[in-house]
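Just so we're clear, the structure is a prediction, and the values are computed from it rather than from any experiment. Here is how names work: the chains are called A, B, and so on, in the same order as the sequence lines, proteins then strands, and each is numbered from 1.
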Number of protein chains: 2
Amino acid sequence: MMARAGLSTELLVRAGADLADEAGFEHVTLSEVARRFDVKAASLYSHLKNSHDLKTRITLLALEELADRAADALAGRSGRDALAALANVYRDYAREHPGRYAATRFRLDPGTAAASAGPRHARMTRAVLRGYDLPEAEETHAVRLLGATLHGYVSLEMGGGFDHSAPDTGATWSRTIDALDSLLRNWPAPDHH
Amino acid sequence: MMARAGLSTELLVRAGADLADEAGFEHVTLSEVARRFDVKAASLYSHLKNSHDLKTRITLLALEELADRAADALAGRSGRDALAALANVYRDYAREHPGRYAATRFRLDPGTAAASAGPRHARMTRAVLRGYDLPEAEETHAVRLLGATLHGYVSLEMGGGFDHSAPDTGATWSRTIDALDSLLRNWPAPDHH
DNA sequence: TACATCTACCTAAAGGCTTTAGGTAGATGA
DNA sequence: TCATCTACCTAAAGCCTTTAGGTAGATGTA
């Protein structure tokens with residue numbers, strides 16, 4: 001009796017990510033993950049440091065997956081195509097994996113963040129921008145604006161912020177991409193005021 | 001002995017909001033609020049339905065406060081001035097009251113959301129847009145884009161997403177406002193693809 | 001003023017999640 | 001075959017939420 005469950009950090013993190021997608025990232029709990037493996041919660045401590053550790057690892061997983069998708073989508077595209085592809089990767093990922101996407105917004109400590117796929121995301125965003133010709137000094141600003149708009153949009157949409165109003169969000173999404181493309185093609189000079 | 005503490009829903013919600021600002025919205029707990037009034041947690045149930053109720057009320061409070069500030073800031077301004085004023089209200093509020101701002105992203109059920117200051121925010125954003133002349137059919141799209149960008153920016157900045165990279169975030173913020181202003185003045189026609 | 005009522009806050013208790021300490025049995029290797 | 005290792009277990013403490021039922025201080029009325 002007492003067969004071993006064959007757990008591993010990998011397995012637990014994947015189960016945690018699935019749980020996040022089903023129940024929401026904020027409801028990810030060691031107890032629930034343990035339950036899914038028919039194991040006591042205390043047993044997870046052989047594989048995970050603690051609850052925060054699990055959340056961190058789910059975040060890292062989501063960041064990787066998202067970066068992989070982005071890399072695929074960006075391959076061979078540039079300009080507006082690349083922008084739209086990147087944008088759609090974020091939105092689609094958030095829809096397919098809401099919990100994982102939410103994990104993406106979990107605050108990592110600086111060391112962990114630096115070692116995550118975060119920097120890869122930044123590099124890909126920069127790559128998209130190279131399809132537009134921005135003054136070099138503006139590139140970081142544009143990276144941030146792009147990140148903010150895309151993440152902001154996806155978060156609001158996921159959070160239901162756009163429900164109850166008339167035009168469907170699909171239309172707004174494509175107008176948002178139009179707008180961003182247009183903005184990057186006509187990047188304004190700093191305003192003096 | 002056993003003097004009454006003189007609690008009220010109002011008082012508790014305000015204390016909860018302060019706690020959110022100090023410890024983070026996700027750490028708001030009935031127990032901690034009770035502790036701050038030297039009262040047992042069970043006693044709060046005379047004033048609050050439950051923990052979720054407290055969070056909901058903190059959200060409503062934050063939404064009100066934010067709308068009040070926005071209304072003040074917008075008074076007498078239009079065009080780029082109004083845009084900048086609205087943007088700064090969000091950012092400043094988030095910096096002064098990170099927990100309250102985070103509460104703002106808490107998902108309300110549809111009925112509560114409709115009765116909240118949320119619609120007031122939408123109306124104010126529309127008011128800002130009237131300083132630009134967008135085709136009427138585009139207004140909702142622009143409202144959403146503006147909301148997404150502003151909230152996205154503030155969230156990323158608050159979440160530390162902009163740390164560790166060179167240009168300071170103040171510069172990016174003003175470039176973001178420039179960019180939004182420029183975008184609204186040159187709103188693109190729908191792209192055909 | 002005296003009395004009745006009301007209700008704000010209390011204690012008790014159950015149930016859930018986290019985390020630590022220490023045990024046991026199944027897996028692994030010599 | 002035996003020794004070791006370690007994955008998973010039980011026990012227990014601590015904290016949070018929520019419900020049930022009590023008590024005393026506040027309030028209103030005669």
Student: Which part of the nucleic acid does A:L44 contact within heavy-atom distance under 4.0 Å: base, sugar-phosphate only, or nothing?
Tutor: nothing

Student: If pairing requires Watson-Crick or G-U wobble contacts with both distances under 3.5 Å, which nucleotide is the partner of C:dG23?
Tutor: D:dC8

Student: CZ of B:R185 to CG of B:D133: how many Å apart, nearest 0.5 Å?
Tutor: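 Atom-to-atom, B:R185:CZ and B:D133:CG are 11.5 Å apart.
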
Student: In whole angstrom, give the distance that lies between atom CG of A:L12 and atom P of C:dT18.
Tutor: 13 Å

Student: Can you find a side chain N or O atom of A:R35 that sits less than 4.0 Å from OP1 or OP2 on C:dC17?
Tutor: yes

Student: Separation of A:K55 atom NZ from C:dC17 atom P, in whole Å?
Tutor: 12 Å

Student: Under 30°, 30 to 60°, or over 60°: which ring-plane class applies to A:F25 and A:F106, parallel, tilted or perpendicular?
Tutor: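 Geometry flag for A:F106 against A:F25: perpendicular rings.
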
Student: Whole Å only: how far is the CG atom of A:D38 from the P atom of D:dC8?
Tutor: 12 Å

Student: Can you tell me how far P of D:dC9 sits from CZ of A:R4, to the nearest Å?
Tutor: 10 Å

Student: Are A:R69 and A:E65 within salt-bridge range, i.e. N to O under 4.0 Å?
Tutor: no

Student: Considering only NZ, NE, NH1 and NH2 on the basic side and carboxylate oxygens on the acidic side, decide whether A:D18 and A:R14 come within less than 4.0 Å.
Tutor: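 No, no charged N to carboxylate O under 4.0 Å.
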
Student: So what does A:T29 touch, heavy atoms closer than 4.0 Å: a base, only the sugar-phosphate, or nothing?
Tutor: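 Sugar-phosphate, backbone atoms only, no base.
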
Student: Within this structure, what is the NZ-to-P distance between A:K40 and C:dT18, rounded to whole angstrom?
Tutor: 14 Å

Student: Salt bridge or not between B:E157 and B:R95? Use side-chain N to carboxylate O under 4.0 Å.
Tutor: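 Salt bridge: yes.
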
Student: Paired with C:dA14 by Watson-Crick or G-U wobble geometry, both distances under 3.5 Å: which nucleotide is it?
Tutor: D:dT17

Student: Within less than 4.0 Å of OP1 or OP2 of C:dC10, is there a side-chain N or O belonging to B:S43?
Tutor: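 Affirmative; the distance criterion is met.
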
Student: Collect all protein-nucleotide pairs involving nucleotides 18-22 of chain D in which both atoms are nitrogen or oxygen and the distance is under 3.5 Å.
Tutor:
| unit_1 | atom_1 | unit_2 | atom_2 | d |
| --- | --- | --- | --- | --- |
| D:dT18 | OP2 | B:Y45 | OH | 2.8 |
| D:dT18 | OP2 | B:S51 | N | 2.8 |
| D:dT18 | O5' | B:Y45 | OH | 3.4 |

Student: If I take atom NE2 in residue A:H27 and atom P in nucleotide C:dC17, what distance separates them, rounded to the nearest angstrom?
Tutor: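 Nearest whole value for this atom pair: 11 Å.
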
Student: B:T59 side chain to B:A103 main-chain N or O, any donor-acceptor pair under 3.5 Å?
Tutor: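 Such a contact is found between B:T59 side chain and B:A103 backbone.
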
Student: Measure the distance from CG on B:L54 to P on D:dC16 and round it to the nearest whole Å.
Tutor: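 The distance from CG of B:L54 to P of D:dC16 comes to 14 Å, rounded to the nearest Å.
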
Student: Between A:E26 and B:R107, does any NZ, NE, NH1 or NH2 come within less than 4.0 Å of an OD or OE carboxylate oxygen?
Tutor: no

Student: Can you tell me the distance, in whole Å, between the CG atom of B:L19 and the C1' atom of D:dC16?
Tutor: 13 Å

